Amino acid sequence: PLFRSLFKIWFRVLERHPGMRPMLAKAYTLDAISAFCRELKEMSLPDVSESTSDVSHDSVPYYRCQPRFRPETVRLLSGQMLPQEIRSPVKAVVDDEERFRVRKDKRVLKQKKFEERRGQNRYTFCTECFCNPKGSKCEQNRCRACCKKCSAVNELDCKGHGFYFKARREKASE
């Protein structure tokens, strides 16, 4: 786990000396890591001795410790990219059409799963909505919700579910 952090710390140095990357990747012990550090230091010493002490703030030598920015962060800081354009690596910003398409795909997949399981159930399904099991004593072969809607609209009675719309109407008119 330590060498992962070292990749980030020495990113600029390893860009200059790409042959050292595999050596760091194989360094699992503390002794191997310290040997890697010594060798990397020896490789960078000639560049350190050649550099002048007048270093501008715009260009920092590669051997100096400096933060590593991802390319999109550099574009944002330089003004080439707006903050709204950055997509989070964890949760990407999805536009409305994409969100609608994903929801529709989920609905279709759910319906397919339901259709597959439909033959395996021991229940017979409602003749209207095909989702809920029908009442075992229902005269219209419907589930409770569909039977209530249909009985209320058409003023029918269903003894199986206990809806008496027709009987109440006749009793109220007497």
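Note that these values count all heavy atoms, side chains included, but never hydrogens, waters or copies made by symmetry. Treat the numbers as computed from the prediction; the structure is a model and nothing was measured.
The line from CG of L14 to CG of L40 is 6.0 Å long, rounded to the nearest 0.5 Å. The distance from atom OG of S151 to atom CD of E139, rounded to the nearest 0.5 Å, is 8.5 Å. Atom NZ of K134 sits about 13.0 Å away from atom SG of C146, to the nearest 0.5 Å. Annotation: the span from E42 atom CD to E39 atom CD amounts to 7.0 Å, rounded to 0.5 Å. Rounded to the nearest 0.5 Å, atoms NZ (K137) and SG (C158) are 11.0 Å apart.
Within the 4.5 Å cutoff, the side chain of H17 has heavy atoms near those of the M43 side chain. The closest side-chain heavy-atom distance from W10 to C37 is below 4.5 Å.
Judged by distance alone, with hydrogens and angles left aside, the side-chain atoms of S34 form a donor-acceptor pair with the main-chain N or O of D31 at under 3.5 Å.
Among residue pairs with one or both ends in residues 143-165, those qualifying as salt bridge (Lys or Arg N to Asp or Glu O under 4.0 Å) are E155-R169; sequence neighbours excluded.
Of all the heavy atoms in P18 and P22, the pair that sits closest is O-CD, 3.7 Å. Closest heavy-atom contact between Y28 and A32: N-CB, 4.5 Å. P133 and C143 get closest at one heavy-atom pair: O-CB, 3.5 Å.
Applying side chain to side chain contact (heavy atoms under 4.5 Å, CB included) to K106 and the options V102, L109, V108 leaves one that passes, V102.
V13 and L45 are not part of a single hydrophobic cluster, where members link through side-chain heavy atoms under 4.5 Å apart. Hydrophobic clustering of Ile, Leu, Val, Met, Phe, Trp and Tyr side chains at less than 4.5 Å, counting indirect connections, unites M23 with I33.
F163 is linked by a ring pair (Phe, Tyr, Trp, His ring centres under 6.0 Å) to H161, counting only residues two or more places apart in sequence or in another chain.
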